[in-house]
Amino acid sequence: MAHLSAVAISLTVLVSIVGLGQCRNVGKLEWDASKGYMMYCPCSGRYGNQLEQFIGSLLFASKLGRVLVIPPFIMYPNALEAVPKNAYVQVDEYFDLDEIKKFYPDVITMEDFMTELAPLYWNEGNRVAYCSNGLADNNGGKCTRDGNPFRTFWQDQGIEFDDSEVWTNLYFNVEHAGVAEHWKEVYPASEHPVMALVTAPVINPISTAVEGLQHYLTFKDHIRQPAEEFIEKNLEKPFWGLHLRNGADWSRTCELLGTGDFPYLLSSRQCTGKEGDSVTREMCLQSEEQVIADIRYQLQLAEEDNRELPKSIFVATDHVAMEEDLQAAFPDIKIVTWGPDLDQMDLYVLGQADDVILNCVSAFSAFVKRDRDVNGKLVAFFGYLDPQKELPKVSRSPPHEEL
Ligand SMILES: Nc1nc2c(ncn2[C@@H]2O[C@H](COP(=O)(O)OP(=O)(O)O)[C@@H](O)[C@H]2O)c(=O)[nH]1
Ligand SMILES: [Mg+2]
C-alpha cells in the first residue's frame, strides 16, 4: 500500500511538472539579446480598453522587432469588497497564444517573463521605467507614479523601478515611415535590452491596421463552449444581439455629452468615422423607448433588404437588460439575456449573432465591432442611423431624466 501511494504521489508530481512545463514552457525560454524586450502597463480603462492597448502594442513591438512581454489584464475590484485588490488575468487565459503568434511570434506573457527570464537577465536594482518627456515633465522628471494602477500594477508583477528613461520626439504611430527606425536608433536592443513603458504605446483611436489584428484573437474553449451551448439552447436563429451599456459609471460618462455634441468620446469613432460626425447622447446612453425605436428601425431595414427577421434577440448588458419592456414591444421575438460567468462569453455571443446593435462609445462594443468586421458580419449602432438611408419613421424620446 505504502509503496503504491508513493508511486501515485511521484506520478502526480511528474504529471504536474510536465503539465506545468507544457503550459508555461519551463526550460524552453531563451533570452533573446539581439531583439530585446518591451513591456507596458495597461494602465487605462477596463477590459475593452486594455485589449485595444494590447493589440496596439503588438503592432508596435512587431515594427520595432522587439519581443512583446504581454501584461495581464487588470481586473479592478468591486468597491463593495472588504479588502479591495486588483486581480490579474494572463492573456492566454482568454485567448489562444498560438493564434496571436501567427501574426507575431515574438511574444511572451509577463508571468513567464518574470518567472523564467527576469531572475536571470533583468536584475533587480537595474530596472528602468521609460516614458515621454510630456509625462515626466508633469511628474517631477520621473516616469513612475503612485496610485492604482500606476504603481500597484508593477508592484503586483514583482517589479520595482530604480531609474527613469525619458524620451523626447519619439512617437507611437509606427505605421508611418521612419518612426520605428527612429525608436531603434535611440534605443538599440544592445543598450536597452528591456524597455518597460509606463503606458501602452498606442494612439487613440486605434488605427485600422491595429483593428485588423482582432483577427488573431481567438477565445479559448472554456469561453467558447459554454457560449455555444447557451446559443444552441436559448437562441432560435436567426438571432440578433444588443449591447446595452447603462451602469452608473456609464451614465456619468455620457453626462459629458449634456452640453452639446462632441467630435468624439472614447470609442465613438468606430461608428462616426475618424473625422466624421459628432457623437450624441443617444449614441452613448439609451432609454427603453430609444432602444425599442432603434430595433424597429433595424427591423425595417432588414425587411427592405429582404433579410430574414430575427426569431430571438440576445441582450448583453453591464446593468439593465430592459427584458420586460423589450418583450412587451416585440411579442413575436424571444428576448433573451444571460449574465454569464465571464464577460467574454457575452462578447462571444454578440460575435455570433446575425445582426447586432452596439454602443458606439463603448470599448466593450468596439471589441464586437472589430470581431464582426474581420468576419464580414453586419453591425449597427444605437442612436446612429445610416445617413445613406431614410430616417426612421418612429418617434424618439429623450433619455430618462434621472440618467
Ligand atoms: N458581461 C458583461 N459585462 C459588460 C457589458 N458591458 C460592459 N461590461 C463590463 O463593463 C466593463 C466596461 O469597460 P470596458 O471594457 O473598458 O469598455 P467601456 O467602458 O464600455 O468602454 C467591461 O470590461 C465589463 O466588465 C456586457 O454587456 N456584458
Ligand atoms: Mg472603459
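Whatever order the structure lists them in is the order used to number ligands and atoms, beginning at 1.
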So which protein heavy atom does [atom] come closest to, and at what separation?
{"atom": "atom 25 (O) of ligand 1", "result": "Asp343 OD2, 2.6 Å"}
{"atom": "atom 6 (N) of ligand 1", "result": "His243 NE2, 2.9 Å"}
{"atom": "atom 8 (N) of ligand 1", "result": "Asp318 CB, 3.6 Å"}
{"atom": "atom 22 (C) of ligand 1", "result": "Phe364 CD1, 3.6 Å"}
{"atom": "atom 13 (O) of ligand 1", "result": "Arg46 CB, 3.5 Å"}
{"atom": "atom 23 (O) of ligand 1", "result": "Tyr47 CB, 3.3 Å"}
{"atom": "atom 28 (N) of ligand 1", "result": "Asp346 OD2, 2.7 Å"}

Checklist entry - Counting only heavy atoms, which portion of Arg245 has something under 4.0 Å from ligand 1: side chain, backbone, both, or neither? => result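 Contact part for Arg245 vs ligand 1: side chain (C-beta onward).
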
Which ligand 1 atoms are under 4.0 Å away from a heavy-atom of [X]?
{"X": "Trp250", "value": "18 (P), 19 (O), 20 (O), 21 (O)"}
{"X": "Ser362", "value": "18 (P), 20 (O), 21 (O)"}
{"X": "Ala316", "value": "27 (O)"}

Next on the checklist: Quick test of your reading of the model: are Glu255 and Arg252 salt-bridged, counting only N-O distances below 4.0 Å?
Outcome noted: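 The answer is no: the pair does not qualify as a salt bridge.
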
Checklist entry - Ion pair present between Glu175 and Lys63, side-chain N to carboxylate O less than 4.0 angstrom? => result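 A salt bridge is absent here (no side-chain N lies under 4.0 Å from a carboxylate O).
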
Could you give the side-chain donor-acceptor pairs of residues 227-241 under 3.5 Å, partners two or more places apart or in another chain?
from, atom 1, to, atom 2, distance (Å)
Glu228, OE2, Tyr348, OH, 2.5
Asn234, ND2, Phe230, O, 2.9

Next on the checklist: If you apply the rule side chain to side chain contact (heavy atoms under 4.5 Å, CB included), what do you find for Leu350 with Phe367, and how did you get there?
Outcome noted: CA-CA 10 Å; Leu350 289 173; Phe367 180 98; over 6 Å; no

Checklist entry - Just distances here: any N/O of Ala363 and N/O of ligand 1 closer than 3.5 Å? => result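 Min N/O separation from ligand 1 is below 3.5 Å for Ala363.
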
Next on the checklist: Any nitrogen or oxygen of Gly48, side chain or backbone, less than 3.5 Å from one on ligand 1?
Outcome noted: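 Among all N and O atoms of Gly48, at least one is under 3.5 Å from an N or O of ligand 1.
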
Checklist entry - More than 12 heavy atoms of other residues, nucleotides or ligands under 6.0 Å from CD of Glu124: is that the case? => result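 Result for CD/Glu124: open.
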
Item to check | Greater than 12 external heavy atoms within 6.0 Å of Lys184's NZ | outcome: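 Yes - once you tally the heavy atoms of other residues, nucleotides and ligands closer than 6.0 Å, there are more than 12.
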
Next on the checklist: Taking side-chain contact (heavy atoms from CB on, under 4.5 Å) as the definition, give me every residue that meets it alongside Pro84, ordered by chain and number, with sequence neighbours left out.
Outcome noted: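 In terms of side-chain contact (heavy atoms from CB on, under 4.5 Å), with neighbours along the sequence ignored, Pro84 is linked to Pro77.
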
Checklist entry - With sequence neighbours excluded, what pairs up with Pro193 under the side-chain contact (heavy atoms from CB on, under 4.5 Å) test? => result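 Checked Pro193 against side-chain contact (heavy atoms from CB on, under 4.5 Å); matches are Trp31.
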
Checklist entry - Which residue from Leu342, Thr253, Asn49, Val315 reaches closest to atom 16 (O) of ligand 1 through any of its heavy atoms? => result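 Of the listed residues, Asn49 has the closest heavy atom.
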
Next on the checklist: Run the side chain to side chain contact (heavy atoms under 4.5 Å, CB included) test on Phe54 and Val202 for me, step by step, so that the C-alpha distance in whole Å, both residues' side-chain angles and the decisive distance to 0.1 Å come before the verdict.
Outcome noted: CA-CA 9 Å; Phe54 165 52; Val202 296; over 6 Å; no

Next on the checklist: For the pair Cys284/Cys360, is the SG to SG distance below 2.5 Å?
Outcome noted: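 Answer is no, sulfur atoms not closer than 2.5 Å.
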
Next on the checklist: With a 4.0 Å cut-off on heavy atoms, is Thr317 in contact with ligand 1?
Outcome noted: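 True for this residue.
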
Next on the checklist: Tell me whether ligand 1 is touched by Phe367 - counting only heavy atoms on the residue side and a distance under 4.0 Å.
Outcome noted: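 It does not; every heavy atom stays at 4.0 Å or beyond.
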
Item to check | Option from Gln298, Arg307, Lys377, Arg372 for which side-chain hydrogen bond (donor to acceptor under 3.5 Å, both in side chains) with Asp355 holds | outcome: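 Of all the options given, the one that passes is Arg307.
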
Next on the checklist: Less than 6.0 angstrom from the centroid, inside 45 degrees of the normal: does Arg127 satisfy that with respect to the ring of Phe161?
Outcome noted: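 Because its charged atom misses either the 6.0 Å distance or the 45° angle limit, Arg127 does not stack over Phe161.
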
Item to check | Distance filter under 2.8 Å, centred on the Mg ion (ligand 2) - protein N, O or S atoms that pass it | outcome: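 As for protein N, O or S atoms lying under 2.8 Å from the Mg ion (ligand 2), they are Asn49 OD1.
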
Next on the checklist: Checking side-chain contact (heavy atoms from CB on, under 4.5 Å) between Leu97 and each of Ile108, Thr218, Thr109, which is the one that passes?
Outcome noted: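 Of the listed residues Ile108, Thr218, Thr109, the side-chain contact (heavy atoms from CB on, under 4.5 Å) partner of Leu97 is Thr109.
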
Checklist entry - Any idea how Tyr37 and Phe113 line up, ring-wise: parallel (<30°), tilted (30 to 60°), or perpendicular (>60°)? => result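 Ring orientation, 0 to 90° scale: tilted.
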
